[in-house]
Amino acid sequence: MNVWIAIGLTVVGCYAVKYAGLLVPAGALERPLVRRLAALLPVALLAALTAQQTFSTGSALVVDARAAGLAAAGLALLLRAPFLLVVAAAVVVTAGVRALGG
C-alpha cells in the first residue's frame, strides 16, 4: 500500500508544480534572463543525463564501451552528419567495442 501512497503524492506534487507554473505572471517570463535560461535549460539537462548514463553504473564511475560510442557520436556531430547517422555511429562503435571485450 505504501507504493500507492507514493504514487498519489507524486501525482499531487506534479499537478501542484504545473499549477504553480500557470500562476507565474507573463511579464516575469518575458525578461531576457529568464528567456535565455529557458533556452539553455533543456540542453544542460540533456547533457547531464547523457553524462550520467554514459559514465556511471549504479554508484560507480566507469569508462567503458559507452564512452567510445559517445566519442563516435561527437565526432559525427563535428562532421555535421545527419542525426540518424550520429545515432548509428554511436550504436555501431559501442557494439563493436563491447564485442571486442572492451
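Just so it is clear, the model here is predicted, and its values are computed rather than measured.
- Screening residues 65-92 for salt bridge (charged side-chain N to carboxylate O under 4.0 Å, His left out), with sequence neighbours left out, gives Asp64-Arg66.
- Residues satisfying the side-chain contact (heavy atoms from CB on, under 4.5 Å) test with Val43, not counting sequence neighbours, are none.
- The other members of the hydrophobic cluster of Val86, by chain and number, are Leu77 (side-chain heavy atoms under 4.5 Å, ILVMFWY only).
- Listed by chain and residue number, Ala81, Pro82 satisfy the side-chain contact (heavy atoms from CB on, under 4.5 Å) test with Leu85 (two or more places apart in sequence, or in another chain).
- Residue Ala72 comes nearest to Ala89 through the heavy atom pair CB-O, 4.0 Å, listed as atom of the first residue, atom of the second, then distance.
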Could you list the donor-acceptor pairs under 3.5 angstrom formed by side chains in residues 10-38, with sequence neighbours left out?
unit_1	atom_1	unit_2	atom_2	d
Thr10	OG1	Ala6	O	2.8
Glu30	OE1	Arg35	NH1	3.0

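- The side-chain hydrogen bond (donor to acceptor under 3.5 Å, both in side chains) test applied to Thr50 returns no partner, not counting sequence neighbours.
- Residues that satisfy the side-chain contact (heavy atoms from CB on, under 4.5 Å) test with Ala68, not counting sequence neighbours, are Val93, Val97.
- Within the hydrophobic cluster formed by Ile, Leu, Val, Met, Phe, Trp and Tyr side chains joined at under 4.5 Å, directly or through other members, Leu45 is accompanied by Leu41.
- For Ser59, the side-chain hydrogen bond (donor to acceptor under 3.5 Å, both in side chains) test picks out no residue, with sequence neighbours left out.
- Taking a 4.5 Å side-chain heavy-atom cut-off between Ile, Leu, Val, Met, Phe, Trp and Tyr, the cluster of Leu61 extends to Phe55, Val63, Leu70.
- Applying the side-chain hydrogen bond (donor to acceptor under 3.5 Å, both in side chains) test to residues at least two apart or on different chains, none of the pairs has a partner in residues 82-96.
- Every residue two or more places apart in sequence or in another chain that forms a side-chain contact (heavy atoms from CB on, under 4.5 Å) with Val87 is listed here: Phe83, Val91.
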